[in-house]
Amino acid sequence: MSDHTTDPATETFVAHRNLLFTVAYEMLGSAADAEDVLQETWLRWVKVDLGQVSDQRAYLVRITTRQSLNRLRTMSRRKEAYVGPWLPEPLLTAPDVAQDVELAESVSMAVMLVLETLSPTERAVFVLREVFDVGYDEIAAAVDKSPAAVRQIAHRARRHVDARRPRQVVSASETRAALASFQRALDSGDLQGLLDVLAPEVVLMSDGGGIKQAAPRPITGAWKVARFMIGGLGKNELPITVGPAMVNGNPALLVHLDGEIDGIMAIRVEDARITGLYYVRNPEKLLRVESETPLTLR
């Protein structure tokens with residue numbers, strides 16, 4: 001293998017890799033597809049005459065955005081054929097991601113699901129502007145729109161997301177406290193304990209991808225969710241262990257069944273109670289959880 005330490009193109013790409021991955025992941029909701037986008041970005045980047053590039057970071061973000069938009073069109077067809085609710089692929093993240101409040105919120109399961117309701121261009125503009133503070137001119141070049149049009153799209157996307165995102169920013173400690181109460185009740189089969197930590201309007205979404213058993217539709221209401229969780233886990237004859245993890249910048253639970261990973265539970269918390277429960281069981285979305293080191297995302 002050749003020594004790339006003196007290769008300016010490689011050095012620049014490596015320096016911005018985490019940023020590019022996060023841009024692609026927030027646009028796609030899939031780490032596997034984000035990695036493919038990075039590979040495509042790299043193949044185009046090595047053909048660029050760096051002497052003609054005034055802002056290499058902006059140029060790389062532009063390539064990544066365009067490739068992500070292309071990938072989104074392919075993914076939309078896959079999602080139409082998906083069995084049951086679709087949830088973003090969970091990412092193990094380093095503890096310092098939680099300290100970056102804006103980034104942690106933007107990659108949370110709750111907000112990632114809101115981003116799914118945007119059009120591809122709206123999603124790209126929102127991610128670049130609101131999460132990474134990219135200038136309107138740079139975004140315009142990335143999405144092939146005028147700066148004036150990008151400003152309008154950004155305003156529309158921000159209003160759409162603000163209307164659907166959690167009303168308040170919840171600290172990691174608050175999320176951990178809710179998770180601890182939830183886990184204690186789940187471990188002991190305490191139905192009332194679950195009802196105490198679940199908000200009356202809580203929604204559970206479980207993603208098995210047609211491979212693992214999951215609820216075919218979202219389940220709404222504390223009583224229904226509590227009965228589903230206790231009944232579902234109680235049916236397993238194999239030993240279940242549940243432990244803490246940092247997923248998508250926020251505290252979550254990692255579920256093992258007979259020593260092997262069975263799923264990840266992420267939550268949305270408001271007013272100290274759980275309003276959203278996101279349980280990813282699709283094995284294809286859990287491959288990175290066991291094989292990858294936690295990401296810093298920036």
Side-chain angles (χ1 to χ4, degrees), residues 29 84-88 90-93 95 97-117 160-208 214-235 240-256 262-281:
W86 183 95
L87 290 173
L91 290 177
L92 286 184
T93 48
V97 174
Q99 298 169 14
D100 188 335
V101 178
E102 291 184 1
L103 179 62
E105 184 195 19
S106 72
V107 297
S108 69
M109 284 285 182
V111 172
M112 291 286 286
L113 282 172
V114 174
L115 296 184
E116 285 292 314
T117 64
H160 180 94
V161 173
D162 286 346
R164 292 162 177 79
R165 78 199 319 169
R167 295 186 300 271
Q168 55 190 234
V169 177
V170 178
S171 68
S173 60
E174 290 177 275
T175 303
R176 287 193 196 93
L179 271 174
S181 298
F182 176 79
Q183 184 178 351
R184 283 196 298 271
L186 207 56
D187 288 343
S188 60
D190 180 3
L191 183 60
Q192 185 57 51
L194 280 179
L195 293 174
D196 289 341
V197 73
L198 297 175
E201 71 280 9
V202 63
V203 177
L204 164 68
M205 295 180 68
S206 54
D207 179 347
R217 290 173 298 277
I219 299 174
T220 303
W223 177 258
K224 290 181 179 179
V225 170
R227 290 293 301 270
F228 178 84
M229 292 304 302
I230 288 180
L233 292 178
K235 292 177 182 178
I240 296 175
T241 57
V242 181
M246 285 298 294
V247 176
N248 288 59
N250 295 271
L253 295 176
L254 189 58
V255 181
H256 283 83
D262 181 73
I264 279 182
M265 288 187 198
I267 64 172
R268 167 176 170 169
V269 176
E270 295 183 67
D271 298 323
R273 303 182 84 180
I274 296 173
T275 58
L277 244 176
Y278 314 104
Y279 190 13
V280 180
R281 296 194 71 205

*Closest heavy-atom contact between Ile230 and Asp190?*
CD1-C, 4.0 Å
*Minimal non-hydrogen separation, Glu270 against Thr275, with atom names*: OE2-OG1, 3.4 Å
*Which atom of Leu198 lies closest to which atom of Ala222, heavy atoms considered*: CD1-O, 3.8 Å
*Quick check: does any side chain N or O of Arg164 sit under 3.5 Å from a backbone N or O of His160, one acting as donor and the other as acceptor?*
yes
*asked:* Working to the nearest 0.5 angstrom, can you tell me the gap between Met246 CE and Leu91 CG?
replied: 12.0 Å
*Which distance, rounded to the nearest 0.5 Å, do you find between the CG of Asn250 and the OG1 of Thr93?*
7.5 Å
*With side chains defined as the heavy atoms from C-beta onward, is the minimum distance between Tyr279 and Ile264 less than 4.5 Å?*
no
_Side chain proximity check, Val247 to Leu92, heavy atoms < 4.5 angstrom_ = yes
*Would you check if Val202 and Thr220 make a side-chain contact, meaning some heavy-atom pair closer than 4.5 Å?*
no
*Is the closest side-chain heavy-atom distance between Pro166 and Val111 below 4.5 Å?*
yes
*Considering all heavy atoms, the nearest Ala104-Gly249 contact*: CB-O, 3.6 Å
*Are Met109 and Pro88 close enough that some pair of their side-chain heavy atoms sits under 4.5 Å apart?*
yes
*Hey, are Arg184 and Ser181 close enough side-chain-wise for a donor-acceptor pair under 3.5 Å?*
yes
*Please test Ile267 against Phe182 for side-chain contact (heavy atoms from CB on, under 4.5 Å), starting from the C-alpha separation and ending with a verdict.*
CA-CA 10 Å; Ile267 64 172; Phe182 176 79; 5.7 Å; no
*Taking the side chain as C-beta and beyond, is there a heavy-atom pair between Pro85 and Ser206 under 4.5 Å?*
no
_Ile274 CD1 to Leu204 CG distance, which is reported to the nearest 0.5 Å_ = 10.5 Å
*When you measure from the side chain of Arg165 to the backbone N and O of Val114, does any donor-acceptor pair fall under 3.5 Å?*
no
*Nearest 0.5 Å please: distance from the OG atom of Ser108 over to the CG atom of Leu103.*
10.0 Å
*If you look at every heavy atom in Arg273 and Pro200, which pair is closest and at what distance?*
NH1-CD, 3.9 Å
*Will you find, in the side chains of Glu174 and Ser171, an N or O donor that is under 3.5 Å from an N or O acceptor?*
yes
*Which heavy-atom pair separates Pro90 from Val280 by the least distance, and what is that distance?*
CD-CG1, 3.9 Å
_So Met205 and Leu113, do their side chains get closer than 4.5 Å, heavy atoms only?_
yes
*asked:* Other residues, nucleotides and ligands only: do more than 12 of their heavy atoms fall within 6.0 Å of CD on Glu102?
replied: no
*In Å and rounded to the nearest 0.5 Å, what is the CG to CE distance from Leu186 to Met265?*
5.5 Å
*For the atom pair NE2 (His256) and CG (Leu254), what is the distance rounded to the nearest 0.5 Å?*
4.5 Å
*Kindly indicate, with the supporting measurements, whether the criterion side-chain contact (heavy atoms from CB on, under 4.5 Å) is fulfilled by Leu277 and Val203.*
CA-CA 6 Å; Leu277 244 176; Val203 177; over 6 Å; no
_Closer than 4.0 angstrom, basic N to acidic O: yes or no for Asp207 and Arg281?_
no
*asked:* Just by distance, no angles: are the side chains of Tyr278 and Asn248 close enough, under 3.5 Å, to form a donor-acceptor pair?
replied: no
